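See structure below.
In what follows, chains are A, B, ... by sequence order, proteins preceding strands, each numbered from 1. Computed over heavy atoms, backbone and side chain alike; hydrogens, waters and symmetry mates excluded. Here the structure is a predicted model, which is why all the values come from computation and not from measurement.
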Amino acid sequence: MLDYHHLSITFGDVEAAKAVSFSVRPGEVVAVVGESGSGKTVTAMSAMGLLPRKAEVTGEIVLGGRNIRQLTNKELRELRGNEIAMVFQEPMTALNPVHTIGWQLVEAITLHQDIADPKQKAVELLTMVGLDRPEQRLKQYPHELSGGMRQRVMIAMAIACDPKVIIADEPTTALDVTVQAEILDLLRELKDRLGTAIVLITHSMGVVADLADRVVVMYRGEVVEQGDVEDVLIRPGHDYTRRLLAAVPRLGSGSRQAEAATEPVLKVRNLVVSFAGQRAVDDISFEIGKGEVLGLVGESGSGKTTAGRCTVGLQKPTHGSVELFGQDIARLSTRGMRPLTARIGMIFQDPASSLDPRMTVAECVAEPLVLHKAKNHKERITELLDAVELGSVTRDRYPHELSGGQRQRVSIARALALDPDLLIADEPTSALDVSVQASILELFLDLQRRLKFSCLFISHDLAVVDMLANRVAVMHKGRIVEQGSRADVFGDPREQYTKRLLAAAPVPDPVEQRERRVSRG
Amino acid sequence: MSGPTARRLKVFRRNKLAVAGITMLGLLVLFCFAGPLVYHTEQVLTSLADSKLEPGVNGHPLGTDDLGYDLLGRLMLGGQTSLVIGLAAGVLATMIGTLWGTIAGYAGGWVDAVMMRIVDAGIAIPALFLLVVAAAIATPSVPMLILVIGLVSWLVPARLMRAESIALRSRAYVESMKVMGGGSVRAIGKHIIPNAIGTVIVNVTFQIADAVLLVAYVSFLGLGIPPPAANWGGMLSEGLTYAHDGAWWLILPPGLLIVMTVCAFNFIGDGLRDAFDVRFEGR
Amino acid sequence: MARYLLWRVLQAAVVIFVVTVVVFFLLHQIPGGPARGILGVQATEDQIKAFEHAQGYDQPVPIQYLHYLGRLLQGDLGESFQLNQRVADLIGARLPKTLVLTVLSTLVALLVAIPLGVWQAVRRNRPTDYLLSALTLLIYSTPVFLVGFIFIIVFAINAAWFPVEAPQADTVAGVFADSQALVLPVLTGAGVVLAVFSRYLRSSVVDNLDEDYVRTARAKGASEARIVTRHVLKNSLTSLVAMLGYYLPVLFSGALVTEKLFNYPGMGLLFWNAAQTSDFPILLGVVLIISIATVTGSLLADVAQALIDPRTRRVKA
């Protein structure tokens, strides 16, 4: 059906793909997995004939007996959307914002088909991808739909002309886990119904386990291993695959217990934050004891980040109080707040923007020391960079010269510079590759055990929180729906929402994942 | 400095127009400021007997104007005025605009709303009209033109810097500094303005280009700096009034020099924009 | 949408208020003060004193401002020194003609700039694109009056295709009747913004071509021509609409220069004549009207954009 044959793609000096060969049979899901820079997206995109002009390609891509590389532009256009279609990662931006859903869907149909009533066909497609009120949806614009609904529209467009192959590039990465589960179910159902082959590009082993029949593992442009999903995921043959699988955080691997109650360092009471009348955070209360890690989990829009920002004064609460070390921060002046700021640190999600691009690593780490007029900067910086396992060579580097993982280590060093009693970490590893994430989490765990700081750890990833937290609070639509010890919340959840969340997170084991899917119903 | 600066220099150098702009500007500065050192002419006392001589006559390579001033020498002198006004007014406007916009954007809320409505009002009153009113109130001089052009031109940079400031204030490195107890002055001075420096620099070049044009317009409307002081805009518009005499040499050279100067700054600004990768609506 | 409209109108009202404060401030900077400004240079000291008292100019400044605002609301912009006419009448007779000039110039500029910008974007970073970029920058860098002057020399004097002077008629209908004389002024006015619009459109189309939705359209099998005309152009033109409002002050400044060059009796020429004779009531009256026109124009442009763009149907600050 679709064959990649000794395909190599180079951009200038960079070899994005090296002699890649694999094939996709009708009705089968082939997952191409790898971390960023593995060349998985470029490889898959080449089948669409949509590589940038400067890309140099050798080898063959054969679709239905025709070598794509020998087709003219016109022939390629007739192929695209008709025999081979695509679903992209970002449903937010992949649709044209100024055209209606209907217009874009009809375009996908009429570009390749001459049918009397394309609108009717569009309605059928929307029904097929599980959107309610399809006639009304046609008149809506992309921004009026949620992320999950937009991804359904993208899928509807992809299947509009009954293609032989769909290339799905990280189709669920931008979505919440519960929505991800629904989209994966939809793809599985469509594949069975239409017999379409799917090339699934993903970094998530859980997604692979859930949907794939076969797996191609890529690392730095090369295919290191390929085979049936069960072989590769359960009995990996290549060392890289083993490392990748070991790095995936798994639910149920956590071991930390709730500590005995101590005087809380952070106490949040009846916190409410409203934006334009909408309650982003709706009456939540929690506290964190000395040396304790509280995991705050929730999907996007649950209010977890806003709640975290309130605890350090970045966001003013509409109601309720935040007490840091026994003092209500709303009653403190900027001056009165200063001594408290020396006792807290914060780590943000995006390693690209967490460091000032015009400061060297040493200057970044020194900033809290300068702000609080600490002494002996030099020694302290050395100590901190050692603690986060960064060599002294990085001292004078600029952030853009560092990898994402290294940058996040610098952020941790900076947050720990004044030996804080409380750390707020907002999704500190979710922008990182899984192997980098594993090493950062290990470092974090180690530092926390050694320095015994308290921590509010905000994350959407239940497995990560399972690894780090003593206690867990689950947020949903601005409220804390459940909170308790890690073992209780994850082992024996009381609330329906928590159960759904736990069930939706895919595990990187195809057999176990199948069972979970079945029990989910 | 390592990385960023070197990379920007490379991008800038690759832009042929930008390099042409720098070269043109260098030549213009040399002509205006070093020229008079080797080419001496009388530029204070008029000599009506030599009025409107054609190029080459009586040892005047570019001829003379209506008051008998040697045109080549006058172009040098006038260029000094045009360049000084453009440069000073452009820098002044960008400085005011940078501070105003950065503070408005960083503060947000009511402060921002009030500060930006003032900017909106300023933008609504076309700069050229204000300049003419100012020229009608007081006789134009170099410092006055610098001040007035600076005061009517800071609004666009203020808008741009506000947008920049809003984008930067929510960057994690600014927020983490705030969490660690840093204040607004440090946030603006140490993080926001340094990271918006590209916008500022590109802005200065475009502002200078616009200021040189504004001076020309004011002169064309007959409200420029009176003689014996000279500037290219004034020379050009005076030349236009003698166009029916066929005195082309009074029009072509100052016109060309103005276009060259404005082009040079615009080319440089274009190159810098690519180098710093900043956005400018409509430029 | 209704909330956005209300917010935007309120904003415009505040801006106009600030403009009146600025003009009021300028009125006080006139040599001899506002009384001299209104009574004229020939008035005696006693007349001035009496007038200042009668008009309340001896009262505190805020009260004076309120009086000024009150007169404005009644449409009273004062009387001209030189022309013995009400400023409001003078402006009222000429504003439509200036609008004719600016609107026509804008249309011509758009007619050239849109295809030019799109064409450059499609052929971006090739020699023709560089050449056109340099050319548009060259036009931008040339003073409007020089462009107009070249037009006069080439098309009016040498070729004698068009008259040197703009239409001199009093009415808009009369102006259109003399349409041949209108060509050069309109082209000159178009030169002011043509470069700005084409450069804006070029960069907007280039940016849009990098967007994800374009990749989606390509993946559907749409041709490049279809992608530009059906997908990208609608996005780019939507943002161009708001740009139009933004460039109104530039258009009016261009009109001032163009009217002077072609002796076109619009508001710009009225303003220029007033500047020569220090006729401050006219000067400040024109500044006020032009500013209000700009604010209103920007408001209309923003509202139009909000109506075209499905995304702005929500409140944006």
Side-chain angles (χ1 to χ4, degrees), chain A residues 308-309 311-316 324 334-360 363-364 366-373 396-402 407-408 410-412 414-415 417-418 420 422-424 426-428 431, chain B residues 1-11 14 98 102-103 105-113 161 163-202 272 275-278:
Chain A
R309 291 168 64 83
T311 62
V312 290
L314 280 175
Q315 176 70 49
K316 286 232 171 345
L324 276 173
T334 316
R335 183 181 282 257
M337 184 78 189
R338 259 187 81 84
L340 296 190
T341 60
R343 299 176 65 186
I344 51 180
M346 183 143 187
I347 307 169
F348 292 85
Q349 169 176 1
D350 184 9
S353 81
S354 54
L355 306 174
D356 189 327
R358 303 198 147 248
M359 287 185 166
T360 62
E363 283 170 329
C364 287
E367 189 157 45
L369 305 173
V370 174
L371 281 169
H372 289 279
K373 305 189 173 63
D396 297 319
R397 296 237 175 107
Y398 284 90
H400 71 91
E401 300 170 290
L402 306 179
R407 273 183 238 169
Q408 225 45 340
V410 177
S411 296
I412 295 174
R414 179 179 60 188
L418 294 166
L422 174 66
L423 204 66
I424 313 291
D426 187 357
E427 304 260 16
Chain B
M1 279 285 280
S2 74
T5 316
R7 198 175 58 231
R8 278 169 192 146
L9 205 63
K10 208 171 132 196
V11 177
R14 227 184 298 142
T98 299
T102 313
I103 291 170
Y106 184 81
W110 274 106
V111 179
D112 177 39
M161 285 304 289
E164 197 81 354
S165 183
I166 288 174
L168 289 171
R169 75 166 181 210
S170 56
R171 288 283 158 86
Y173 54 82
V174 177
E175 296 212 314
S176 75
M177 189 219 74
K178 281 206 285 201
V179 171
M180 294 180 298
S184 330
V185 176
R186 188 180 165 87
I188 290 177
K190 197 85 187 158
H191 293 285
I192 294 183
I193 292 184
N195 278 294
I197 201 73
T199 309
V200 177
I201 290 175
V202 177
L272 286 172
F276 283 102
D277 194 24
V278 293

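Counting heavy-atom pairs under 4.5 Å between each of A:D356, A:L371, A:V370, A:T360 and chain B puts A:D356 at the top. Comparing B:K178, B:R186, B:M180 by heavy-atom pairs within less than 4.5 Å of chain A, the highest count is held by B:M180.
Interface remark: A:L355 contributes backbone atoms only to the contact with chain B (heavy atom separation under 4.5 Å). Heavy atoms of B:I197 lying under 4.5 Å from chain A belong exclusively to its side chain. Only the side chain of A:R309 has a heavy atom closer than 4.5 Å to any heavy atom of chain B.
Minimum interatomic distance between A:S354 and B:A172 (heavy atoms only, all atoms of both residues): CA-CB, 3.5 Å. Across all their heavy atoms, A:T341 and B:G181 have their closest contact at OG1-CA, 3.4 Å.
In this structure, B:S176 OG and A:I424 CD1 are separated by 13.0 Å, a value rounded to the nearest 0.5 Å.
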*Please test B:Y173 against A:R358 for side-chain contact (heavy atoms from CB on, under 4.5 Å), starting from the C-alpha separation and ending with a verdict.*
CA-CA 11 Å; B:Y173 54 82; A:R358 303 198 147 248; over 6 Å; no
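Salt bridge A:E367/B:K190: absent, no basic N to carboxylate O contact under 4.0 Å.
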